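Only one structure is covered here, and it is reproduced in the block below.
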Amino acid sequence: MYIAITFTIAILALLFVFWGARVLLSGNWFLGFIRGSAGLFLFATALWIVLIAADVYSYRNLAEEHSVGIVSFRKIAEQQFEVKFSDADGIAQKFELLGDQWQLDARMLKWQGPLARWGIKPAYRLDRLSGRYLTLQDERARERSVHEIEGANYGVDVWQFVRGVDRKLPFVDAVYGSATFLPMEDGAVYEVRISHSGLLARPLNQRATSALEGWQ
């Protein structure tokens, strides 16, 4: 479905390129400056649309609840952990988190109105992995850590644009899906799953289960 959306946006971009070329290559250069400016504007609009399509394509379809990755921890020092995050495709990344608890966030695009009625499911992109201290004193005084998981690489951020619009758009809503802050523990392993309501982390081994029981 997202391939179809991207293809439709790309066709629109090609139309702008075609119109821009017609303006710039027109044999009649009466009011040439205006024609040239209009042509360049159409080319710039086409590029902007292509970048929007690329950013939308980086999101993943969310048809039903499924796993987005595995998070495991190795203690380096007090309140300092090496975190390995392996996504659903098996691609692993390593980060260093400071604090006592961890959280994974995702950006979600929820389609509204006709797009939802056409059966287009919500989309998500993993956003950031962060650490947090248990005490307010540590949270205020000690160094914090936040790492980007999957960033926007195209110079256009559709999710931020939708969030920044003063009025809610009738066809899409941009929301955060966040797993609850959970304890970091040496050797603990968690699975992170996503549904329409957001992210949920579950313990996968005894270390993680014991950390949760002790924390609660």
Side-chain angles (χ1 to χ4, degrees), residues 1-6 52-73 81-97 99-113 115-132 145-154 156-165 168-169 171-185 188-205 207-209 211-212 215-216:
M1 183 63 70
Y2 284 89
I3 294 177
I5 293 175
T6 305
I52 288 176
D55 190 61
V56 171
Y57 188 67
S58 70
Y59 283 77
R60 304 184 185 192
N61 187 34
L62 178 57
E64 57 186 22
E65 181 180 316
H66 63 272
S67 175
V68 298
I70 304 295
V71 185
S72 58
F73 296 86
F81 293 83
E82 179 186 83
V83 185
K84 181 181 178 181
F85 175 72
S86 301
D87 66 19
D89 298 322
I91 299 174
Q93 301 179 67
K94 288 187 178 181
F95 307 97
E96 185 178 299
L97 280 187
D100 304 293
Q101 300 173 326
W102 68 278
Q103 183 183 61
L104 183 66
D105 300 317
R107 296 182 174 196
M108 302 180 69
L109 292 173
K110 295 188 174 183
W111 308 102
Q112 313 287 338
L115 294 179
R117 291 194 292 271
W118 291 343
I120 301 178
K121 303 299 182 182
Y124 76 93
R125 186 172 73 199
L126 298 179
D127 186 32
R128 62 190 182 186
L129 180 68
S130 57
R132 185 179 74 170
S145 53
V146 179
H147 301 282
E148 192 175 75
I149 300 293
E150 297 178 4
N153 299 315
Y154 306 102
V156 171
D157 194 330
V158 173
W159 189 87
Q160 283 287 9
F161 172 77
V162 175
R163 291 272 289 189
V165 173
K168 184 177 179 179
L169 297 178
F171 57 89
V172 64
D173 191 17
V175 299
Y176 253 127
S178 300
T180 304
F181 273 105
L182 296 176
M184 291 191 282
E185 180 70 31
V189 182
Y190 298 88
E191 179 190 29
V192 183
R193 301 182 66 84
I194 190 167
S195 68
H196 291 191
S197 59
L199 294 172
L200 174 67
R202 297 189 177 108
L204 282 187
N205 65 357
R207 287 290 183 93
T209 301
L212 275 175
W215 175 58
Q216 293 171 350

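Keep in mind the model is a prediction, meaning the values are calculated, not measured. Here, residue 1 is the first one in the sequence, and each next residue gets the next number.
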Sequence neighbours left out, what pairs pass salt bridge (Lys or Arg N to Asp or Glu O under 4.0 Å) with at least one residue falling in residues 81-90? R60-D89, R74-E82
With sequence neighbours excluded, what pairs up with S67 under the side-chain hydrogen bond (donor to acceptor under 3.5 Å, both in side chains) test? E191
Exercise: identify the closest heavy-atom pair between A208 and L204: CB-N, 4.3 Å
Could you pull out all residues at least two apart from Y176 that satisfy ring pair (Phe, Tyr, Trp, His ring centres under 6.0 Å)? W159
Mind checking what makes side-chain hydrogen bond (donor to acceptor under 3.5 Å, both in side chains) contact with S86, not counting sequence neighbours? none
Look at the rings of F73 and Y190 and say which category their plane angle falls in: under 30° parallel, 30 to 60° tilted, over 60° perpendicular. perpendicular
Among all residues two or more places apart in sequence or in another chain, which pass the side chain to side chain contact (heavy atoms under 4.5 Å, CB included) test with V172? L109, W111, V162, L169
Quick one: does any side-chain atom of K121 pair with a main-chain N or O of E64 as donor and acceptor, under 3.5 Å? no
4.5 Å side-chain heavy-atom contact, D100 and P183: no
Excluding sequence neighbours, so at least two apart, what forms side-chain hydrogen bond (donor to acceptor under 3.5 Å, both in side chains) with E185? none
Distance-minimising heavy-atom pair for R163 and A174: CD-O, 3.1 Å
Partner set under ring pair (Phe, Tyr, Trp, His ring centres under 6.0 Å) for F95, not counting sequence neighbours: H147
Distance (rounded to the nearest 0.5 Å) between R132 CZ and L182 CG: 10.0 Å
Quick one, I149 and F85 - any side-chain contact, counting heavy atoms below 4.5 Å? yes
Kindly write out the residues that satisfy side chain to side chain contact (heavy atoms under 4.5 Å, CB included) with T180, not counting sequence neighbours, or none if the list is empty. none
Straight-line distance of L104 CG to L126 CG, nearest 0.5 Å: 5.5 Å
Which residues satisfy the side-chain hydrogen bond (donor to acceptor under 3.5 Å, both in side chains) test with Q93, sequence neighbours excluded? none
Residues in salt bridge (charged side-chain N to carboxylate O under 4.0 Å, His left out) with E65, at least two apart? R193, R202
Output all residues satisfying side chain to side chain contact (heavy atoms under 4.5 Å, CB included) with H66, sequence neighbours left out; order by chain, then residue number. L62, V68, Y124, I194
Sequence-distant partners of Q103, side chain to side chain contact (heavy atoms under 4.5 Å, CB included), two or more places apart: D105, S130, S178, F181
